[in-house]
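Counting from 1, the numbers follow the sequence of the chain as shown. Because the structure is a prediction, the values reported are computed rather than measured.
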Amino acid sequence: MTFSLSKTVVSLEGEQLYTFAYAALITETSITVVQVYVELGVIEAIGDLLHSREIARIAQIQRLRRDLGLNLVGAAMVLDMTTEIAQLRTQLKVYQSHPLNSL
């Protein structure tokens with residue numbers, strides 16, 4: 001399978017998509033690692049392409065594994081919990097700003 005780093009692909013939502021090879025280069029890992037992450041469901045791919053948020057997730061996982069010594073599952077769980085906390089904080093702000101809740 002040949003990958004092109006310069007290939008430009010845009011999703012139906014208008015977002016830039018990137019090859020596994022590009023993701024591996026940016027995150028200083030390998031295409032095999034990216035493929036394993038996809039196979040394990042740690043990141044989501046669209047065929048052989050990734051959104052930039054998934055590339056950022058790879059980088060975050062690599063950092064958690066390197067800096068904190070977490071295993072892959074632990075690093076993925078930390079990121080999932082971080083995302084959930086951010087979503088809950090957003091929901092709480094919306095709830096608190098609703099006029100009916102200020103009584």
Side-chain angles (χ1 to χ4, degrees):
M1 185 178 289
T2 304
F3 294 98
S4 170
L5 294 179
S6 62
K7 183 178 178 185
T8 300
V9 178
V10 178
S11 72
L12 294 175
E13 298 84 28
E15 296 179 32
Q16 181 82 29
L17 299 175
Y18 302 92
T19 63
F20 287 10
Y22 180 80
L25 177 69
I26 294 300
T27 60
E28 299 178 352
T29 188
S30 70
I31 294 172
T32 302
V33 168
V34 174
Q35 290 170 331
V36 168
Y37 284 11
V38 170
E39 289 170 12
L40 294 174
V42 175
I43 60 170
E44 294 179 20
I46 300 170
D48 288 339
L49 300 171
L50 300 169
H51 282 98
S52 59
R53 66 180 169 267
E54 299 302 324
I55 296 173
R57 185 172 169 89
I58 294 168
Q60 292 169 327
I61 289 169
Q62 295 296 96
R63 209 168 19 257
L64 287 168
R65 294 185 75 192
R66 181 187 62 239
D67 296 350
L68 299 179
L70 297 177
N71 64 21
L72 179 58
V73 173
M77 287 179 63
V78 166
L79 292 180
D80 290 344
M81 287 188 292
T82 301
T83 300
E84 188 171 343
I85 290 168
Q87 291 170 345
L88 290 170
R89 285 182 177 159
T90 300
Q91 290 174 354
L92 181 59
K93 285 181 184 179
V94 168
Y95 177 77
Q96 289 173 335
S97 67
H98 194 277
L100 295 176
N101 295 323
S102 61
L103 298 175

Find the distance between [atom1] ([X]) and [atom2] ([Y]) and round it off to the nearest 0.5 Å.
X: Leu25; Y: Phe20; atom1: CG; atom2: CZ; value: 15.0 Å
X: Thr27; Y: Tyr22; atom1: OG1; atom2: OH; value: 10.5 Å
X: Gln60; Y: Glu54; atom1: CD; atom2: CD; value: 10.0 Å

*Return each pair, listed once, that meets salt bridge (charged side-chain N to carboxylate O under 4.0 Å, His left out) where at least one residue sits in residues 28-38; pairs must be two or more places apart or across chains.*
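Non-adjacent pairs meeting salt bridge (charged side-chain N to carboxylate O under 4.0 Å, His left out): zero.
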_Remaining members of hydrophobic cluster (4.5 Å side-chain criterion), Met77_ =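 When side chains under 4.5 Å apart are linked, the cluster holding Met77 also contains Val73.
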*Hydrophobic cluster partners of Ile85 (side-chain heavy atoms under 4.5 Å)*: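 Noted: Ile85 shares its cluster with no other residue.
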*Would you mind reporting whether Ile46 and Val9 have side-chain heavy atoms less than 4.5 Å apart?*
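With C-beta onward as the side chain, the pair stays apart.
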*Can you check whether Val34 reaches Ile43 side chain to side chain, under 4.5 Å on heavy atoms?*
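With C-beta onward as the side chain, the pair touches.
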Output all residues satisfying side chain to side chain contact (heavy atoms under 4.5 Å, CB included) with [X], sequence neighbours left out; order by chain, then residue number.
X: Leu70; result: Leu64, Leu68, Ala75, Val78
X: Thr90; result: none
X: Ala56; result: none

_Any pair counted as side chain to side chain donor-acceptor pair (under 3.5 Å), so long as it reaches residues 72-87, sequence neighbours left out_ =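 Found Arg57-Asp80.
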*Determine the sole option in Val36, Ile61, Ile58 for which the side-chain contact (heavy atoms from CB on, under 4.5 Å) test with Val42 is passed.*
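Of the listed residues Val36, Ile61, Ile58, the side-chain contact (heavy atoms from CB on, under 4.5 Å) partner of Val42 is Ile61.
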_Full working for side chain to side chain contact (heavy atoms under 4.5 Å, CB included) between Val10 and Leu17_ = CA-CA 6 Å; Val10 178; Leu17 299 175; over 6 Å; no
*Contacts of type salt bridge (charged side-chain N to carboxylate O under 4.0 Å, His left out), residue Arg53, not counting sequence neighbours*: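 Salt bridge (charged side-chain N to carboxylate O under 4.0 Å, His left out) check on Arg53 returns Glu15.
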*Residues which pass side-chain hydrogen bond (donor to acceptor under 3.5 Å, both in side chains) with Gln62, listed by chain and number, not counting sequence neighbours*: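 Per chain and number, Gln62 pairs via side-chain hydrogen bond (donor to acceptor under 3.5 Å, both in side chains) with Tyr37.
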_Please find the pair of heavy atoms, one from Asn71 and one from Gly74, that lie closest to each other, and give the distance._
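Looks like OD1-N, 2.7 Å.
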*Which atom names give the shortest non-hydrogen contact between Ser30 and Ala24, and what distance separates them?*
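What the structure gives for the nearest pair is C-CB, 3.4 Å.
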